[in-house]
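See below for the structure under consideration.
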Amino acid sequence: MDDKFLKPYDPAITENRIYRMWEESGFFNPDNLPDELVSENGKPYTIVMPPPNANGDLHAGHALFVSLQDLLTRFKRMQGYRALWIPGADHAGFETQVVYEKKLEKEGRSRFGMDPKELYEEILAFTLANKSTMENQVRALGASCDWSREKFTLDPDVVERVQDTFIKMFNDELVYRGKRTVNWCPKHQTSLSDIETTSVEEQTPFYTFKYGPFEIGTVRPETKFGDKYVVMHPEDERYAQYAHGDTFDLEWINGPITATVIKDTSVDPDFGTGVMTITPWHSGIDFEIAKRHNLDFEQIIDWRGKLLPIAGEFTEMKITDARQKIVEKLEAKGLLVSTNTDYKNVVKRCYKCNSMIEPQVKDQWFVKMAPLAEKAIEAVNAGDIRFIPEHEEKIFRHWMEDTLDWNISRQIIWGIPIPAWFKDGEARASRVCPGEGWVQDIDTFDTWFSSGQWPLMTTRYPDGKDFETHYPTDVMETGRDIIFFWVARMICFGLYLTGKAPFHTVYLHGLVNDAQNKKMSKSKGNVINPLELTDKYGTDALRMALIVGNTPGTDLALREDKIKGYKNFANKLWNITRFILENTEDVDSGVPLTADDYAMRSELTALISDITKDMDAYRLYLAAEKIYHYIWDRLASEILEDSKKIFANESETEAIASRKALLRSLLRDILTILHPFMPFITEEIWQSIPETQGMLLVSPWPQVSVAASDTTHAPS
RNA sequence: GGGCGAUUAGCUCAGUUGGUAGAGCGCUUCAUUUACACUGAAGAUGUCGGGGGUUCGAGCCCUCCAUCGCCCACCA
């Protein structure tokens, strides 16, 4: 027996060495798997890793997905599949640019006013440095992914194919250039998609003003300068005397104006006075009304959130400062009817900086979602895509059934350029300049436009070898929080470009929260760095803590005492090994088992069968717990204790020989089934068992259908 | 406003098709080097949120209610 078993298990001196051995073996690449492991049909099994944002360290959520995906990959590899797990990194356009802007801010610099090319080069250097740190962190977590296939979302081939998709969609009329209301973040100076904003209910004073013969309500007096349309429901009898198109003069904020009556069914007669004025440039609903009636649009608020000259004396004032002053002025003019301070309404904010989103009208590229969503729902209906947990399917449908068109233009430099050109109001999609006088779009794609095509990019759509063998992939394992951002888009793109859903199973994990089950955030200062935990307790312990009892879709409170418990478990396993190796040095694996030992052998075989079913059904949290209990409570507490008695009775040579064979057999099997969960310690022990060959990484999962090993050890 | 989920031991959570309530941590007592003190043995702790129903039998199925959480949402 190796002397190392005389000391407690030390992950620190083990993990790097083991990982290097695995990586150097080349077996993370399924093309290199030994024939004897790959079952006859050599079926592929493929997982695409959600590419971490290459803009910082890995967080606890990454540790969870690495644990889960590595577990699935190792399990399938051991079962004889050509298991492929493709790693990657995301340039994460907007997110990274925000991170970098904060860095610039600290240095007293700003992206505004910087040469775009220079800024791009700086962010690129920053991202590439982070990317390599991140990759090593993924290695430290034990990920058995195929690094030779790693992709980055800004790899030239990815950029080209993502642009090709846009061009194809343009030709298929699935993207269009539209002047429409967009979510504008005045701090970040870019538009955002609807899901990049958060809606927060806030208490905002609701003002009612006299507006000619009417009374109108608003929470945004600062937009009212341009309001020259008064809108009411066509069947509202209170206003029957006014006809659509009637005009009238009134005294307004900065003097007399002429207003026009508009009748539109979108107005709720029961809300307020049933009359409102509209600001088409700064409200989505108003925009729609104005478009229906072909009304004028006028910008009131500039891109930085300051009032334009139309505001007269309020010009250049920030809207937040102007609001109260405008109300005061209207009040002084006797136009303020009432103020309701209890009023609550929903305000949109930037999901990154929490700034108030200013609706602005802007020319942008939009993806027509309805036809894509329809295909996605069809695929789910047909059972081509299964969600785990199941109820996520309802959430998915709910969103898909009335999804809005997707704004994919971003006014940031850190991203994939949109291959579009403009001339005289005409737009064309092309990677090269269509001719003289054409000006290229300076915007970049929403990051999710490229990551939405990730299963295609990583398998080298459209004509790569992997695309043929590994697409569609098997499982998409990712966070529940990005089901709309990412999962939905991947399904849409996959179906659109290939006619096939990019995966048959979506496994959604919950958030990893702190010990108090509070969401981790930098501002709260409760962020747990997974690498510190692996240093302290070992990667295997962290992985078990993330998997046991963590049901899909449920958030997890990450507690150090739980991780510590699995560190103790690792040591327990270490000492079980020590006991077995110490007591079985002269084992003869061919001896027949006693009836008792045969029963114990069968018991483990039954357990393996059971946990194999759990794994197939994605009850990973249960499988892990069952193995844990078998090892600690059954094997260590009972079988080993029982063995001490047998070994003490030296005259019972047959029983002793049988027990020795049994213990070795049990040890090999528990290492095997525990390997996907705790890869490092199981491999380390495997390497120290005299009769094992090669790596546990590529050792077969125990047979469960026919208990083949049992027949060779039939009772005497 | 709409949707989804949760409510089980002090804490964090499991409980796979309905069949005598489980784990980890914590707590109490004992053991002091026996493979392991990163240990062992023994133990305490739950009207499984509440009401009603189905069933021989409900933590699990149905229904209503309460509380908490999350997501979606263009009533100014």
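Since the model is a prediction, treat every value here as computed from it, not as a measurement.
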- How many Å lie between CD on A:Glu625 and P on B:rG15, as a whole number? 9 Å

- Query: In whole angstrom, what separates A:Tyr211's OH from B:rA76's C1'?
  - Reply: 13 Å

- Message: Does A:Val346 reach a base, just sugar-phosphate, or nothing at all? Heavy atoms under 4.0 Å.
- Response: base

- Would you kindly give the CD-to-P distance between A:Glu560 and B:rC38, to the nearest whole Å? 17 Å

- Select base, sugar-phosphate, or nothing to describe what A:Phe5 touches, counting heavy atoms under 4.0 Å on all strands. nothing

- Close aromatic pair by centroid cut-off 6.0 Å: A:Phe396 and A:Phe484: no

- Task: Please determine if A:Arg659 forms a cation-pi arrangement with A:Phe647, meaning its NZ or CZ atom is less than 6.0 Å from the six-membered ring centre and no more than 45° off the ring axis.
- Result: no

- Query: How close or far is atom P of B:rU34 from atom NZ of A:Lys645, stated in whole angstroms?
  - Reply: 18 Å

- What's the verdict on ring-ring contact (aromatic ring centres under 6.0 Å, His included) for A:Phe387 and A:Tyr507, showing C-alpha distance, side-chain angles and the deciding distance? CA-CA 6 Å; A:Phe387 287 84; A:Tyr507 183 106; over 10 Å; no

- Query: Atom CD of A:Glu390 to atom C1' of B:rU17: distance rounded to whole Å?
  - Reply: 13 Å

- Rounded to whole angstroms, how far apart are NZ on A:Lys644 and P on B:rC36? 8 Å

- For the residue pair A:Trp281 and A:Phe297, is the inter-centroid distance of their aromatic rings smaller than 6.0 Å? no

- Tell me what A:Tyr343 touches on the nucleic acid: a base, only sugar-phosphate, or nothing, going by heavy atoms under 4.0 Å. sugar-phosphate

- Message: Check this one for me: any side-chain N or O of A:Tyr621 less than 4.0 Å away from OP1 or OP2 of B:rU16?
- Response: no

- Distance in angstrom units between A:His282 NE2 and B:rC74 P, rounded: 18 Å

- Query: For A:Thr181, which contact category applies under a 4.0 Å heavy-atom criterion: base, sugar-phosphate, or nothing?
  - Reply: nothing

- Could you state the atom-to-atom distance from CD1 of A:Ile482 to P of B:rC72 in whole Å? 13 Å

- Do A:Glu641 and B:rA35 have a side chain to base donor-acceptor pair shorter than 3.5 Å? yes

- Item | Side-chain N or O of A:Lys572 closer than 4.0 Å to phosphate OP1/OP2 of B:rG40 | yes

- Task: Look through every strand shown and name the nucleotide pairing with B:rC30 as Watson-Crick or G-U wobble, where both distances are under 3.5 Å.
- Result: B:rG40

- Message: I want to know whether A:Tyr566 and A:Tyr628 have ring centres closer than 6.0 Å.
- Response: yes

- Message: Any side-chain N or O of A:Trp632 below 4.0 angstrom from OP1/OP2 of B:rC38?
- Response: no

- Would you check if there is a donor-acceptor pair between the side chains of A:Glu288 and A:Ser266 at a distance under 3.5 Å? no

- Message: A cation-pi test, strictly: NZ or CZ of A:Arg668 under 6.0 Å from the centre of the six-membered ring of A:Trp686 and no more than 45 degrees from its axis. Yes or no?
- Response: no

Between the protein and nucleotides 24-31 of chain B, list the N/O to N/O atom pairs that are separated by less than 3.5 angstrom.
unit_1: B:rC25; atom_1: O2'; unit_2: A:Asp561; atom_2: OD2; d: 2.7

